[in-house]
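For ligands, and for the atoms within them, numbers begin at 1 and follow the listed sequence.
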Amino acid sequence: MIRAASAYRIALLPGDGIGGEVLDAAVRVLESLPLGWDWQTGEIGWGAYTRHGTPLPEETLQLVQACDAALFGAVTTPPDVPGYRSPVVRLRQELDLYANIRPCRSIPHPASRPGVNLIIVRENTEDAYTGAEELSADGETALGQIRITRRASQRVMRAACRLAEQRGLRRVTVVHKANVLRQTSGLFRRTALETAAEFPDLQVDEMLVDTCAMELIRAPEQFGVIVTTNLFGDILSDEASALVGGLGLACSANLGERHAVFEPVHGSAPGLAGRGVANPLAMIGSAALMLDFLGEGEWAARLQAAVEAVIRAGQVTSDLGGKLTTQQTAEAVIQVIFSEQ
Ligand code: NAI
Ligand code: MG
(Lines give C-alpha, C1' and ligand atoms only; values in the text may rest on other atoms or scores of the structure.)
(Ligands and ions follow the chains in the order given, each with its own letter.)
Protein backbone atom coordinates (compact mmCIF):
# COMPACT_ATOMS: atom_id res chain seq x y z
CA MET A 1 0.00 0.00 0.00
CA ILE A 2 1.19 3.51 -0.76
CA ARG A 3 1.73 5.81 2.18
CA ALA A 4 0.26 9.30 1.76
CA ALA A 5 2.84 11.79 0.51
CA SER A 6 1.95 14.35 3.13
CA ALA A 7 0.98 13.67 6.69
CA TYR A 8 -2.10 14.88 8.50
CA ARG A 9 -1.09 17.14 11.33
CA ILE A 10 -3.18 16.19 14.35
CA ALA A 11 -3.26 17.79 17.79
CA LEU A 12 -3.54 15.18 20.53
CA LEU A 13 -5.10 16.46 23.74
CA PRO A 14 -5.19 13.57 26.23
CA GLY A 15 -6.46 15.56 29.23
CA ASP A 16 -7.11 13.77 32.53
CA GLY A 17 -8.22 10.38 33.85
CA ILE A 18 -8.97 7.85 31.13
CA GLY A 19 -8.52 10.56 28.46
CA GLY A 20 -4.92 9.58 27.72
CA GLU A 21 -5.66 5.85 27.83
CA VAL A 22 -8.43 5.95 25.25
CA LEU A 23 -6.50 8.44 23.13
CA ASP A 24 -3.44 6.13 23.02
CA ALA A 25 -5.72 3.34 21.83
CA ALA A 26 -7.21 5.47 19.06
CA VAL A 27 -3.77 6.65 17.94
CA ARG A 28 -2.64 3.05 17.74
CA VAL A 29 -5.57 2.26 15.44
CA LEU A 30 -4.93 5.33 13.25
CA GLU A 31 -1.23 4.47 13.01
CA SER A 32 -2.12 1.06 11.63
CA LEU A 33 -3.71 2.72 8.58
CA PRO A 34 -1.60 3.51 5.51
CA LEU A 35 -1.87 7.25 6.06
CA GLY A 36 0.75 9.73 7.18
CA TRP A 37 0.40 11.27 10.64
CA ASP A 38 2.21 14.12 12.33
CA TRP A 39 1.14 13.99 15.99
CA GLN A 40 1.43 17.10 18.16
CA THR A 41 0.57 16.79 21.83
CA GLY A 42 -1.03 19.59 23.85
CA GLU A 43 -1.98 19.95 27.48
CA ILE A 44 -5.52 20.49 28.71
CA GLY A 45 -7.51 19.97 31.87
CA TRP A 46 -6.99 19.75 35.59
CA GLY A 47 -3.47 18.39 35.24
CA ALA A 48 -2.55 21.31 32.99
CA TYR A 49 -4.01 23.66 35.59
CA THR A 50 -1.92 22.20 38.39
CA ARG A 51 1.22 22.49 36.21
CA HIS A 52 0.65 25.80 34.42
CA GLY A 53 -2.07 27.60 36.38
CA THR A 54 -4.51 27.34 33.48
CA PRO A 55 -6.54 24.37 32.19
CA LEU A 56 -6.17 25.58 28.61
CA PRO A 57 -2.70 27.00 27.97
CA GLU A 58 -2.39 29.44 25.08
CA GLU A 59 0.03 27.03 23.34
CA THR A 60 -2.69 24.38 23.26
CA LEU A 61 -5.14 26.74 21.57
CA GLN A 62 -2.50 27.75 19.03
CA LEU A 63 -1.61 24.12 18.44
CA VAL A 64 -5.19 23.16 17.62
CA GLN A 65 -5.45 26.19 15.33
CA ALA A 66 -2.30 25.14 13.49
CA CYS A 67 -3.35 21.52 12.98
CA ASP A 68 -5.70 19.87 10.47
CA ALA A 69 -7.82 18.54 13.33
CA ALA A 70 -7.59 17.59 17.00
CA LEU A 71 -8.36 14.46 18.99
CA PHE A 72 -9.34 15.15 22.56
CA GLY A 73 -9.67 12.58 25.36
CA ALA A 74 -11.45 13.95 28.42
CA VAL A 75 -10.84 16.24 31.36
CA THR A 76 -11.68 16.27 35.04
CA THR A 77 -13.51 19.37 36.24
CA PRO A 78 -13.61 19.55 40.04
CA PRO A 79 -16.83 21.34 41.05
CA ASP A 80 -15.45 22.98 44.19
CA VAL A 81 -12.54 25.02 42.88
CA PRO A 82 -13.57 28.71 42.87
CA GLY A 83 -13.21 30.37 39.48
CA TYR A 84 -12.27 27.15 37.69
CA ARG A 85 -14.07 26.61 34.38
CA SER A 86 -14.10 23.57 32.13
CA PRO A 87 -11.52 24.05 29.36
CA VAL A 88 -13.72 22.05 26.97
CA VAL A 89 -16.35 24.74 26.95
CA ARG A 90 -13.69 27.41 26.44
CA LEU A 91 -11.98 25.41 23.68
CA ARG A 92 -15.26 25.16 21.78
CA GLN A 93 -15.97 28.86 22.24
CA GLU A 94 -12.45 30.13 21.42
CA LEU A 95 -12.23 28.06 18.24
CA ASP A 96 -15.86 28.79 17.37
CA LEU A 97 -16.66 25.08 17.07
CA TYR A 98 -20.33 25.83 16.79
CA ALA A 99 -21.80 22.46 15.90
CA ASN A 100 -21.40 19.44 18.16
CA ILE A 101 -22.37 16.35 16.19
CA ARG A 102 -23.30 13.28 18.25
CA PRO A 103 -24.38 10.25 16.24
CA CYS A 104 -26.31 7.45 17.92
CA ARG A 105 -26.77 4.15 16.09
CA SER A 106 -27.91 0.72 17.17
CA ILE A 107 -25.11 -1.75 17.73
CA PRO A 108 -25.17 -5.53 17.51
CA HIS A 109 -25.33 -6.00 21.28
CA PRO A 110 -28.07 -6.91 23.77
CA ALA A 111 -27.57 -3.57 25.56
CA SER A 112 -28.69 -1.72 22.44
CA ARG A 113 -32.18 -0.89 21.28
CA PRO A 114 -32.78 -1.85 17.63
CA GLY A 115 -33.61 0.57 14.82
CA VAL A 116 -31.89 3.65 16.26
CA ASN A 117 -30.11 5.88 13.74
CA LEU A 118 -30.19 9.44 14.95
CA ILE A 119 -27.79 12.34 15.25
CA ILE A 120 -27.96 15.01 17.90
CA VAL A 121 -26.63 18.34 16.69
CA ARG A 122 -25.97 20.53 19.69
CA GLU A 123 -25.26 24.26 19.50
CA ASN A 124 -21.85 24.53 21.09
CA THR A 125 -20.93 28.14 21.82
CA GLU A 126 -23.67 29.86 23.81
CA ASP A 127 -26.85 29.17 25.86
CA ALA A 128 -26.18 28.71 29.59
CA TYR A 129 -22.48 27.93 28.96
CA THR A 130 -21.14 31.47 28.65
CA GLY A 131 -19.76 31.48 32.20
CA ALA A 132 -21.95 34.48 33.07
CA GLU A 133 -23.05 33.32 36.51
CA GLU A 134 -22.80 34.91 39.92
CA LEU A 135 -23.44 34.12 43.53
CA SER A 136 -24.82 36.81 45.83
CA ALA A 137 -22.60 38.04 48.67
CA ASP A 138 -24.66 36.13 51.24
CA GLY A 139 -24.35 32.93 49.19
CA GLU A 140 -28.12 32.50 49.12
CA THR A 141 -28.89 33.33 45.51
CA ALA A 142 -27.17 32.37 42.27
CA LEU A 143 -27.99 33.99 38.96
CA GLY A 144 -27.02 32.86 35.50
CA GLN A 145 -27.46 34.10 31.98
CA ILE A 146 -28.74 32.31 28.94
CA ARG A 147 -27.45 33.76 25.70
CA ILE A 148 -29.05 32.83 22.38
CA THR A 149 -28.28 34.59 19.11
CA ARG A 150 -29.96 34.44 15.74
CA ARG A 151 -26.56 33.90 14.11
CA ALA A 152 -25.63 30.85 16.18
CA SER A 153 -29.12 29.38 15.91
CA GLN A 154 -29.12 29.80 12.15
CA ARG A 155 -25.72 28.29 11.55
CA VAL A 156 -26.30 25.27 13.77
CA MET A 157 -29.65 24.67 12.06
CA ARG A 158 -27.93 24.86 8.65
CA ALA A 159 -25.27 22.41 9.84
CA ALA A 160 -27.99 20.05 11.08
CA CYS A 161 -29.95 20.21 7.83
CA ARG A 162 -26.85 19.69 5.67
CA LEU A 163 -25.91 16.71 7.79
CA ALA A 164 -29.43 15.28 7.45
CA GLU A 165 -29.11 15.57 3.67
CA GLN A 166 -25.65 13.99 3.64
CA ARG A 167 -26.68 11.07 5.82
CA GLY A 168 -30.03 10.51 4.13
CA LEU A 169 -32.00 11.34 7.29
CA ARG A 170 -35.22 13.06 6.23
CA ARG A 171 -36.57 14.25 9.57
CA VAL A 172 -35.03 17.19 11.46
CA THR A 173 -36.55 17.92 14.86
CA VAL A 174 -35.97 21.34 16.45
CA VAL A 175 -35.92 20.78 20.22
CA HIS A 176 -36.53 23.71 22.59
CA LYS A 177 -38.46 24.92 25.64
CA ALA A 178 -40.08 27.98 24.10
CA ASN A 179 -43.27 27.51 26.10
CA VAL A 180 -41.40 28.65 29.23
CA LEU A 181 -38.13 30.23 28.03
CA ARG A 182 -40.07 32.45 25.69
CA GLN A 183 -37.28 34.82 24.66
CA THR A 184 -34.21 32.58 24.63
CA SER A 185 -35.63 29.25 23.50
CA GLY A 186 -38.19 31.29 21.55
CA LEU A 187 -35.48 32.94 19.44
CA PHE A 188 -33.78 29.60 18.80
CA ARG A 189 -37.09 27.99 17.77
CA ARG A 190 -38.15 30.85 15.48
CA THR A 191 -34.77 31.10 13.79
CA ALA A 192 -34.41 27.35 13.28
CA LEU A 193 -37.89 27.00 11.81
CA GLU A 194 -37.30 29.98 9.50
CA THR A 195 -33.99 28.52 8.36
CA ALA A 196 -35.78 25.25 7.55
CA ALA A 197 -37.27 27.00 4.50
CA GLU A 198 -33.80 26.72 2.89
CA PHE A 199 -34.18 22.93 2.96
CA PRO A 200 -37.52 22.14 1.33
CA ASP A 201 -36.71 18.44 0.88
CA LEU A 202 -36.39 17.83 4.61
CA GLN A 203 -39.23 17.18 6.98
CA VAL A 204 -38.63 19.71 9.78
CA ASP A 205 -40.71 19.62 12.93
CA GLU A 206 -40.37 20.77 16.54
CA MET A 207 -40.62 19.22 20.00
CA LEU A 208 -40.39 20.47 23.57
CA VAL A 209 -37.26 19.18 25.29
CA ASP A 210 -39.12 17.33 28.05
CA THR A 211 -41.27 15.56 25.48
CA CYS A 212 -38.15 14.74 23.49
CA ALA A 213 -36.50 13.21 26.58
CA MET A 214 -39.51 10.94 26.93
CA GLU A 215 -39.85 10.15 23.21
CA LEU A 216 -36.18 9.14 23.06
CA ILE A 217 -36.96 6.34 25.51
CA ARG A 218 -40.40 5.49 24.12
CA ALA A 219 -39.65 5.39 20.39
CA PRO A 220 -36.10 6.45 19.50
CA GLU A 221 -36.36 5.00 16.00
CA GLN A 222 -38.64 7.90 15.02
CA PHE A 223 -35.81 10.45 15.06
CA GLY A 224 -33.42 11.51 12.30
CA VAL A 225 -31.53 14.66 13.28
CA ILE A 226 -32.30 16.42 16.56
CA VAL A 227 -31.04 20.00 16.63
CA THR A 228 -31.04 21.88 19.90
CA THR A 229 -29.35 24.39 22.16
CA ASN A 230 -26.22 23.69 24.19
CA LEU A 231 -27.59 22.52 27.56
CA PHE A 232 -30.45 20.44 26.16
CA GLY A 233 -28.08 18.83 23.66
CA ASP A 234 -25.61 17.99 26.41
CA ILE A 235 -28.27 16.16 28.41
CA LEU A 236 -30.16 14.52 25.54
CA SER A 237 -26.99 13.12 24.02
CA ASP A 238 -25.97 11.29 27.21
CA GLU A 239 -29.52 9.97 27.40
CA ALA A 240 -29.50 8.86 23.77
CA SER A 241 -26.14 7.11 24.21
CA ALA A 242 -27.72 4.86 26.85
CA LEU A 243 -30.10 3.50 24.21
CA VAL A 244 -27.26 2.11 22.13
CA GLY A 245 -24.60 0.75 24.44
CA GLY A 246 -23.75 3.68 26.69
CA LEU A 247 -21.03 6.27 27.07
CA GLY A 248 -18.25 3.84 26.23
CA LEU A 249 -19.39 4.04 22.60
CA ALA A 250 -20.71 7.59 22.17
CA CYS A 251 -18.53 9.67 19.86
CA SER A 252 -18.67 13.28 18.74
CA ALA A 253 -17.32 15.93 16.42
CA ASN A 254 -17.02 19.63 17.25
CA LEU A 255 -17.07 21.48 13.96
CA GLY A 256 -16.56 25.14 13.08
CA GLU A 257 -15.77 26.88 9.80
CA ARG A 258 -12.01 26.55 10.32
CA HIS A 259 -11.28 24.03 13.04
CA ALA A 260 -12.45 20.63 14.20
CA VAL A 261 -12.04 18.71 17.45
CA PHE A 262 -13.12 15.09 17.83
CA GLU A 263 -13.87 13.62 21.26
CA PRO A 264 -15.81 10.92 23.06
CA VAL A 265 -18.96 12.14 24.82
CA HIS A 266 -17.80 10.63 28.11
CA GLY A 267 -15.71 12.33 30.77
CA SER A 268 -12.51 11.34 32.54
CA ALA A 269 -14.15 8.46 34.50
CA PRO A 270 -11.87 8.79 37.57
CA GLY A 271 -13.05 5.41 38.87
CA LEU A 272 -11.61 3.64 35.83
CA ALA A 273 -8.49 5.74 35.34
CA GLY A 274 -5.08 4.12 35.54
CA ARG A 275 -6.41 0.58 35.21
CA GLY A 276 -6.31 0.27 31.43
CA VAL A 277 -9.88 -1.00 31.27
CA ALA A 278 -11.81 1.97 29.85
CA ASN A 279 -13.69 1.33 26.65
CA PRO A 280 -11.75 3.01 23.81
CA LEU A 281 -14.49 2.58 21.19
CA ALA A 282 -16.03 6.03 21.76
CA MET A 283 -12.61 7.56 21.14
CA ILE A 284 -11.97 5.26 18.18
CA GLY A 285 -15.40 6.14 16.77
CA SER A 286 -14.50 9.80 17.16
CA ALA A 287 -11.29 9.10 15.23
CA ALA A 288 -13.48 7.63 12.48
CA LEU A 289 -15.47 10.88 12.40
CA MET A 290 -12.14 12.67 12.05
CA LEU A 291 -11.14 10.46 9.12
CA ASP A 292 -14.40 11.38 7.42
CA PHE A 293 -13.72 15.06 8.04
CA LEU A 294 -10.20 14.70 6.58
CA GLY A 295 -11.68 13.27 3.39
CA GLU A 296 -10.71 9.67 4.21
CA GLY A 297 -14.29 8.43 4.02
CA GLU A 298 -13.32 4.90 3.02
CA TRP A 299 -11.07 4.41 6.02
CA ALA A 300 -13.72 6.02 8.21
CA ALA A 301 -16.27 3.47 7.03
CA ARG A 302 -13.86 0.57 7.55
CA LEU A 303 -13.05 1.75 11.04
CA GLN A 304 -16.76 2.03 11.85
CA ALA A 305 -17.38 -1.44 10.47
CA ALA A 306 -14.48 -2.80 12.52
CA VAL A 307 -15.92 -1.24 15.70
CA GLU A 308 -19.23 -2.99 15.00
CA ALA A 309 -17.45 -6.25 14.28
CA VAL A 310 -15.57 -6.34 17.59
CA ILE A 311 -18.80 -5.58 19.43
CA ARG A 312 -20.55 -8.41 17.59
CA ALA A 313 -17.66 -10.73 18.46
CA GLY A 314 -17.73 -9.72 22.14
CA GLN A 315 -14.16 -8.44 21.87
CA VAL A 316 -14.93 -5.57 24.19
CA THR A 317 -14.30 -4.09 27.63
CA SER A 318 -16.28 -4.91 30.76
CA ASP A 319 -18.85 -2.10 30.33
CA LEU A 320 -20.13 -4.11 27.34
CA GLY A 321 -19.77 -7.45 29.08
CA GLY A 322 -16.34 -8.32 27.68
CA LYS A 323 -12.97 -9.07 29.23
CA LEU A 324 -10.57 -7.07 27.08
CA THR A 325 -8.41 -4.19 28.22
CA THR A 326 -8.37 -0.82 26.49
CA GLN A 327 -5.33 -1.71 24.38
CA GLN A 328 -6.55 -5.23 23.59
CA THR A 329 -9.77 -3.74 22.25
CA ALA A 330 -7.74 -1.43 20.00
CA GLU A 331 -5.73 -4.44 18.79
CA ALA A 332 -8.96 -6.31 18.04
CA VAL A 333 -10.19 -3.37 15.95
CA ILE A 334 -6.90 -3.30 14.01
CA GLN A 335 -7.09 -7.04 13.35
CA VAL A 336 -10.59 -6.71 11.92
CA ILE A 337 -9.65 -3.75 9.69
CA PHE A 338 -6.89 -5.77 8.08
CA SER A 339 -8.53 -9.18 8.09
CA GLU A 340 -11.17 -7.85 5.68
CA GLN A 341 -8.69 -6.75 3.04
P1 NAI B 1 -17.99 10.17 32.98
O2 NAI B 1 -18.44 10.26 31.57
O3 NAI B 1 -16.55 10.33 33.22
O4 NAI B 1 -18.48 8.78 33.61
C5 NAI B 1 -19.86 8.44 33.69
C6 NAI B 1 -19.99 6.90 33.85
O7 NAI B 1 -19.65 6.28 32.59
C8 NAI B 1 -19.05 6.30 34.87
O9 NAI B 1 -19.69 5.20 35.46
C10 NAI B 1 -17.87 5.83 34.05
O11 NAI B 1 -17.17 4.79 34.65
C12 NAI B 1 -18.56 5.40 32.75
N13 NAI B 1 -17.67 5.59 31.60
C14 NAI B 1 -17.32 6.76 31.05
N15 NAI B 1 -16.48 6.57 30.04
C16 NAI B 1 -16.29 5.25 29.93
C17 NAI B 1 -15.51 4.42 29.08
N18 NAI B 1 -14.75 4.93 28.08
N19 NAI B 1 -15.53 3.08 29.27
C20 NAI B 1 -16.29 2.55 30.24
N21 NAI B 1 -17.06 3.27 31.07
C22 NAI B 1 -17.05 4.61 30.93
O23 NAI B 1 -18.83 11.29 33.78
P24 NAI B 1 -18.76 11.72 35.31
O25 NAI B 1 -18.40 10.55 36.15
O26 NAI B 1 -20.02 12.41 35.55
O27 NAI B 1 -17.60 12.80 35.37
C28 NAI B 1 -16.25 12.48 35.68
C29 NAI B 1 -15.39 13.69 35.33
O30 NAI B 1 -15.40 13.91 33.93
C31 NAI B 1 -15.88 14.99 35.98
O32 NAI B 1 -14.78 15.70 36.45
C33 NAI B 1 -16.57 15.72 34.84
O34 NAI B 1 -16.51 17.11 34.99
C35 NAI B 1 -15.73 15.28 33.67
N36 NAI B 1 -16.41 15.31 32.36
C37 NAI B 1 -15.64 15.68 31.31
C38 NAI B 1 -16.15 15.68 30.03
C39 NAI B 1 -15.23 16.00 28.93
O40 NAI B 1 -14.03 16.02 29.11
N41 NAI B 1 -15.72 16.22 27.72
C42 NAI B 1 -17.53 15.30 29.76
C43 NAI B 1 -18.25 14.85 30.94
C44 NAI B 1 -17.70 14.89 32.19
MG1 MG C 1 -22.00 15.90 28.62
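Both the backbone and the side chain of V75 come within contact range of ligand 1, each with a heavy atom under 4.0 Å. With a heavy-atom cut-off of 4.0 Å, L272 touches ligand 1 through its side chain alone. Here P270 has side-chain heavy atoms under 4.0 Å from ligand 1, and that is the only part of it that gets that close. For T317, no heavy-atom contact with ligand 1 is shorter than 4.0 Å. The side chain of D319, and not its backbone, has at least one atom closer than 4.0 Å to an atom of ligand 1 (non-hydrogen atoms only; side chain from C-beta on). Counting heavy atoms under 4.0 Å from ligand 1, residue E263 touches it through the side chain alone.
Within the set G15, A25, A269, A250, the minimum heavy-atom distance to atom 3 (O) of ligand 1 is found for A269.
For ligand 1, the atoms lying closer than 4.0 Å to a non-hydrogen atom of G267 are 1 (P), 2 (O), 3 (O), 30 (O), 36 (N), 37 (C), 38 (C), 42 (C), 43 (C), 44 (C). Those atoms of ligand 1 that come under 4.0 Å of a heavy atom in A74, given as number and element, are 40 (O). For ligand 1 and S268, the ligand atoms under 4.0 Å from any heavy atom of the residue are 3 (O), 29 (C), 30 (O). Remark: ligand 1 atoms within the under-4.0 Å shell around heavy atoms of L247 are 2 (O), 5 (C), 7 (O).
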Which side-chain N or O atoms in residues 69-82 pair as donor and acceptor under 3.5 Å with protein atoms at least two apart or in another chain?
{"unit_1": "T76", "atom_1": "OG1", "unit_2": "S268", "atom_2": "OG", "d": "2.7"}

Identify each donor-acceptor pair in which a side-chain atom of residues 211-218 lies under 3.5 Å from a protein atom, sequence neighbours left out, and give them as a table.
{"unit_1": "E215", "atom_1": "OE1", "unit_2": "R218", "atom_2": "NE", "d": "3.3"}
{"unit_1": "E215", "atom_1": "OE1", "unit_2": "R218", "atom_2": "NH2", "d": "2.8"}
{"unit_1": "E215", "atom_1": "OE1", "unit_2": "Q222", "atom_2": "NE2", "d": "2.6"}
{"unit_1": "E215", "atom_1": "OE2", "unit_2": "R218", "atom_2": "NE", "d": "3.1"}

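Between the side chain of T229 and the backbone N or O of L231, no donor-acceptor pair lies under 3.5 Å. The closest donor-acceptor contact from the side chain of E126 to the backbone of T149 lies under 3.5 Å. Under the 3.5 Å distance criterion, the side-chain polar atoms of T329 are left unmatched by any main-chain donor or acceptor of V316. Side-chain N or O atoms of D68 include one that pairs as donor or acceptor with a backbone N or O of R9 at under 3.5 Å.
At least one cation-pi condition fails for R90 and Y49: the charged atom is not both under 6.0 angstrom from the six-membered ring centre and inside a 45 degree cone around its axis.
To the nearest 0.5 Å, atom CG of residue L23 and atom CZ of residue F262 are 13.5 Å apart.
Within the structure, the closest approach of A282 to ligand 1 does not fall below 4.0 Å when heavy atoms are considered.
For the pair R92 and ligand 1, the shortest N or O to N or O distance does not fall below 3.5 Å.
Between V27 and I10, the closest side-chain pair of non-hydrogen atoms is not below 4.5 Å.
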